[in-house]
Amino acid sequence: MKIGKDKMLNLYEIMVKIRQFEEKAKELFLSGELGGFLHLYNGQEAIAAGVCANLTDKDYITSTHRGHGHVIAKGGKVDRMMAELYGKATGYNKGRGGSMHIADLDTGILGANGIVGAGMPIAVGAAFALKYKGSNNVAIAFFGDAASNRGTFHEAINMASVKNLPVVFICENNGFGISTPQSAHQIIKDVSVRAGSYGIPGITVDGNDVLAVYENAALAVSRARKGEGPTLLECKTWRQYGHFIGDPEKYKDPEDQKKWLERDPIQKYEEKLLTLKLVTMDELVAIKENVKRSIEEAVSFGKNSPQPSPKEIYTDIYAK
Ligand SMILES: Cc1ncc(C[n+]2csc(CCOP(=O)(O)OP(=O)(O)O)c2C)c(N)n1
């Protein structure tokens, strides 16, 4: 598949932005500036970047508790995200959602979600609406390997296949559901085989290879846009940190951790870009520096934004 230099560098920039956002969020959380919980996306950046590079603002995504990467890749602004993490009025949810509930209808982000597996039926509903309206847009559901054991996964894929809906199911198989390894929560090795039960294509790719993700997601999105129905795309990856920040990670085999860190998706992609002579080290450094500035601006925006007014505590809570 042909992919130009601009797009290749854009994939890199998005991955770097996700990584730096997460590192900054971790630092602020550990210093006590941010409350709540943080489920970081480090190590999985190639998946959000590779998938969302095939989408427009009019396409939808549903996300998970580990959702910052999806939001950034889909076009979310880091300043409004950071403000949401700070619980401020300028955040995407006016400070009421926090890390696990960031949503932005303008960019098609139907929401991160603290309920495991809850995004899949929502994406199917959005895909149904798109088909009903005769649009050629698509909906994407991101979810983890453990979420593929939930009834919502099976019900959503069944309904999507029966109705031939424009939806792509992206399983980010990072090998764990909290502290439970995949081998202890399901007997299959590849989640993608579950697609066979529903008569749709199921594909497994290297989720740490952004170009492999991009190309396979492009095929799945194109099938959906052409009215050829849903696909289940499984991306094998690794959660570089614990389930949440504060998790002692005693259940991880240090050898596995080491092996996967050597396959860091950003590092691997840098090597590829340099080997292909598509970019110089100076250009990569310049991209990182630009991203760093935008993250610093986002922090100061979040920190200096006003708290939500207590008078608005019920605003947007009840539908009239
Ligand atoms: C319905 C539901 N059950 C249980 C939980 C508790 N819980 C939070 S995250 C998680 C594991 C999710 O694992 P996976 O789907 O593989 O995603 P990952 O955390 O690896 O990204 C669980 C069981 C929850 N939030 N919602």
Side-chain angles (χ1 to χ4, degrees), residues 15 18-19 21-22 25-26 29 36-52 61-74 97-103 111-124 140-157 168-195 202 204-208 213 232-253 256-257 260-261 265:
M15 287 200 286
I18 297 171
R19 178 68 57 93
F21 184 91
E22 297 296 61
K26 178 181 167 219
F29 181 78
F37 269 103
L38 274 189
H39 304 85
L40 297 187
Y41 195 67
N42 296 51
Q44 305 185 197
E45 295 88 347
I47 305 170
V51 170
C52 293
I61 65 162
T62 61
S63 174
T64 68
H65 53 287
R66 203 174 301 290
H68 303 164
H70 309 139
V71 174
I72 290 174
K74 188 66 174 54
S99 165
M100 274 186 275
H101 298 97
I102 296 178
N113 208 312
I115 303 170
V116 169
M120 291 178 265
I122 297 172
V124 169
I140 306 286
F142 289 101
F143 56 95
D145 45 288
S148 74
N149 297 330
R150 287 219 55 215
T152 49
F153 166 90
H154 297 278
E155 292 175 30
I157 297 197
V168 182
F169 298 94
I170 306 287
C171 178
E172 304 190 64
N173 185 349
N174 63 17
F176 292 98
I178 307 186
S179 53
T180 308
Q182 187 198 356
S183 59
H185 75 64
Q186 53 193 201
I187 203 160
I188 51 170
K189 288 204 163 51
D190 296 332
V191 173
S192 62
V193 301
R194 291 189 167 170
T204 295
V205 297
D206 178 356
N208 281 28
V213 175
L232 170 59
L233 179 60
E234 175 191 21
C235 304
K236 302 264 200 209
T237 187
W238 184 253
R239 198 188 63 203
Q240 293 186 349
Y241 285 134
H243 175 61
F244 59 93
I245 292 303
D247 173 358
E249 294 184 73
K250 292 206 172 123
Y251 51 85
K252 265 190 189 171
D253 179 339
D256 288 339
Q257 174 79 352
W260 278 95
L261 288 182

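Read the numbers this way: they start at 1 and go in the same order the structure lists the ligands and their atoms. Note: hydrogens, waters and symmetry copies are ignored here, and every other heavy atom, side chains too, is used.
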Trainee: Write out the residue and atom name of the closest protein heavy atom to atom 21 (O) of ligand 1, then the distance separating them to 0.1 Å.
Mentor: R66 NE, 2.8 Å

Trainee: Does a donor on one side chain sit under 3.5 Å from an acceptor on the other, for N174 and T237?
Mentor: no

Trainee: Let me confirm one number: the CZ-CG distance from R66 to N42, rounded to the nearest 0.5 Å.
Mentor: 9.5 Å

Trainee: Looking only at distances, can you tell me whether any N or O atom of F176, backbone or side chain, sits closer than 3.5 Å to an N or O atom of ligand 1?
Mentor: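 Yes - when backbone and side-chain N and O of F176 are compared with those of ligand 1, one distance drops under 3.5 Å.
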
Trainee: With distance as the sole criterion, is a donor-acceptor pair present between the side chains of Q186 and N149 under 3.5 Å?
Mentor: yes

Trainee: Among protein heavy atoms, which sits nearest to atom 15 (O) of ligand 1, and what does the distance come to when rounded to 0.1 Å?
Mentor: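 Looking at atom 15 (O) of ligand 1, the protein heavy atom closest to it is A147 N, 3.1 Å.
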
Trainee: Would one find an N or O of A146, backbone or side chain, under 3.5 Å from an N or O of ligand 1?
Mentor: yes

Trainee: Nearest non-hydrogen atom to atom 17 (O) of ligand 1 belongs to which of H65, E172, H39, R239?
Mentor: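 Minimum heavy-atom distance to atom 17 (O) of ligand 1 goes to H65.
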
Trainee: So, does I115 sit close enough to ligand 1 that a heavy atom of it is under 4.0 Å from the ligand?
Mentor: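 The answer is yes: ligand 1 sits under 4.0 Å from a heavy atom of I115.
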
Trainee: Is any heavy atom of the protein nearer than 4.0 Å to atom 4 (C) of ligand 1?
Mentor: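 So atom 4 (C) of ligand 1 lacks protein heavy-atom neighbours under 4.0 Å.
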
Trainee: What's the separation between atom NZ in K74 and atom OG in S63, rounded to the nearest 0.5 Å?
Mentor: 12.0 Å

Trainee: ring-ring contact (aromatic ring centres under 6.0 Å, His included) with F176: which of W238, W260, F244?
Mentor: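 That would be W238.
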
Trainee: What heavy-atom pair brings T62 and A141 nearest, and what distance separates the two atoms?
Mentor: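 Result for this residue pair: OG1-CA, 3.5 Å.
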
Trainee: How about Y41 and H70: are their ring centres within less than 6.0 Å of each other?
Mentor: yes

Trainee: So, S99 and H39: side-chain donor and acceptor under 3.5 Å apart, yes or no?
Mentor: no

Trainee: Output yes when the distance from some N or O of ligand 1 to some N or O of Q44 is under 3.5 Å, and no in every other case.
Mentor: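 Q44 vs ligand 1: no N/O contact under 3.5 Å.
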
Trainee: Below a 4.0 angstrom heavy-atom separation, can you tell me which part of V116, side chain or backbone, both or neither, approaches ligand 1?
Mentor: both

Trainee: For atom 25 (N) of ligand 1, what's the nearest protein heavy-atom neighbour? Residue, atom name and distance, please.
Mentor: G114 O, 2.9 Å

Trainee: How far is atom 9 (S) of ligand 1 from the closest protein heavy atom, and which atom is that?
Mentor: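 Result: H243 CE1, 3.2 Å.
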
Trainee: List the closest protein heavy-atom neighbour of atom 1 (C) of ligand 1: residue, atom name, distance to the nearest 0.1 Å.
Mentor: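 Atom 1 (C) of ligand 1 sits closest to the protein heavy atom R150 NH1, 3.6 Å.
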
Trainee: Would you say I178 has any N or O atom under 3.5 Å from an N or O of ligand 1, going by distance alone?
Mentor: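 No; the residue has no nitrogen or oxygen that sits under 3.5 Å from a nitrogen or oxygen of the ligand.
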
Trainee: Would you mind listing which atoms of ligand 1 come within a distance below 4.0 Å of any non-hydrogen atom of N174?
Mentor: 18 (P), 20 (O), 21 (O)

Trainee: Which atom names give the shortest non-hydrogen contact between A195 and G202, and what distance separates them?
Mentor: CB-CA, 3.5 Å

